[in-house]
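Predicted model only: the values in this text are computed from it and were never measured. Within every chain, numbering begins at 1; the chains are lettered A, B, ... in the order of the sequence lines, protein sequences first and strands thereafter.
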2 protein chains.
Amino acid sequence: MRTLVHPSIDDVRLEAILHALSDPVRAEIFATIATGACIQNCSAFAAVGDRVIPKSSLSQHFKVLREAGLIRSERHGVEVRNSSRCGEVDGRFPGLIAAILDAHGKEQASVAKVAE
Amino acid sequence: MRTLVHPSIDDVRLEAILHALSDPVRAEIFATIATGACIQNCSAFAAVGDRVIPKSSLSQHFKVLREAGLIRSERHGVEVRNSSRCGEVDGRFPGLIAAILDAHGKEQASVAKVAE
DNA sequence: TCCCGTAGTTCAGGAAATCGGAACAATTGA
DNA sequence: TCAATTGTTCCGATTTCCTGAACTACGGGA
């Protein structure tokens, strides 16, 4: 279990961000971390929607988000706490994260409406 | 060779857009189509940067962009002309395309600077 | 100090997506 | 009708993704 590696903000690539957020599970995780007030550990996402996510997959998803520069992960004893790097990323790519989160929110809302 | 299929704007998914633009070749193609004045045919992208792209791959890339709802392709005789659907997409996801294109432009500029 | 429970990571395989050369299809002009 | 141009489809090779199983790391008793 090696140390959690985060790219410097200058090394963050647009391509990596778009790829990271093009997966619905990762998009949901990131939206929760980015918009939520409290810092989340990985196990908070053992289920996304009504789908169960194996923890090995979760670990990979968090790694992708982390290496894309979207989240920061810090070990606190036995757990890892995740927070978003929205501020930094917004400094590099102004408006990008906000537009994606906004679009994600809109889409989730319309999906919920259809499900009614 | 069947007819070119385009999703209705209501069926356009954020996930598909992010996936389509997470590939550097497709991002470059889309940026060119979206920002350029003239409508482009596929062969205009036989090379992206200094890399040669086989036409079978190009065909797939255009298909991905088309099915994500990002471009519109119309057959004109022997060629296919592509135009962007930025306006429609912006109506559904305001600011999204602009933010991504802006980020793409910033990144290309910094890459060019390093290459000097 | 030695276990045990919790939290995540790594590994390995099978499944799925992607790439690109070769063959094919559609259109135009001679 | 034939050839050139433009793009698509097919298919095998490569790459990436997913996930169960095994493993590592830390903290809390007893």
* Asked: Is any side-chain nitrogen or oxygen of A:S59 closer than 4.0 Å to OP1 or OP2 of C:dG8?
  ->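 So the side chain of A:S59 is outside the cut-off, no N or O lying under 4.0 Å from OP1 or OP2 of C:dG8.
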* Sub-3.5 Å donor-acceptor pair from the side chain of B:R92 to the main-chain atoms of B:V12, do we have one? -> yes
Which residues pass the side-chain hydrogen bond (donor to acceptor under 3.5 Å, both in side chains) test with [X], not counting sequence neighbours?
X	result
A:S73	A:R66, A:N82
A:E107	B:R13
B:N41	B:E79
B:R72	B:E88

Whole angstrom is fine here: how far is it from [atom1] in [X] over to [atom2] in [N]?
X	N	atom1	atom2	value
B:K63	C:dG20	NZ	P	17 Å
A:E79	C:dG5	CD	C1'	14 Å
A:E15	C:dT18	CD	C1'	14 Å
A:N41	C:dG8	CG	P	4 Å
B:H76	C:dT27	NE2	P	13 Å
A:E74	C:dG8	CD	P	14 Å
B:R81	D:dG7	CZ	P	10 Å

Output a table of nitrogen or oxygen pairs between the protein and nucleotides 19-22 of chain D separated by less than 3.5 Å.
unit_1, atom_1, unit_2, atom_2, d
D:dT19, OP2, A:S57, OG, 3.2
D:dG20, N7, A:S56, OG, 3.0
D:dG20, O6, A:S56, OG, 3.2

Per-pair distances, 0.1 Å, donor-acceptor, side chain in residues 43-55 of chain B, under 3.5 Å, sequence neighbours excluded:
none

* **Interface residues of residues 18-27 of chain A with DNA chain C (non-hydrogen, below 4.0 angstrom)** => none
* According to a 4.5 Å side-chain heavy-atom criterion applied to Ile, Leu, Val, Met, Phe, Trp and Tyr, with indirect links allowed, do A:V25 and A:L70 form part of one hydrophobic cluster? -> yes
* Output every pair passing ring pair (Phe, Tyr, Trp, His ring centres under 6.0 Å) with a member in residues 79-110 of chain B, not counting sequence neighbours, ordered by first then second residue. => none
* Applying ring pair (Phe, Tyr, Trp, His ring centres under 6.0 Å), which residue pairs with at least one partner in residues 4-33 of chain B are found, sequence neighbours left out? ->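 Pairs touching residues 4-33 of chain B that pass the test: none.
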* Structure fact -> Among C:dA7, D:dT8, C:dT9, the one nearest any side-chain atom of A:L4 is C:dT9
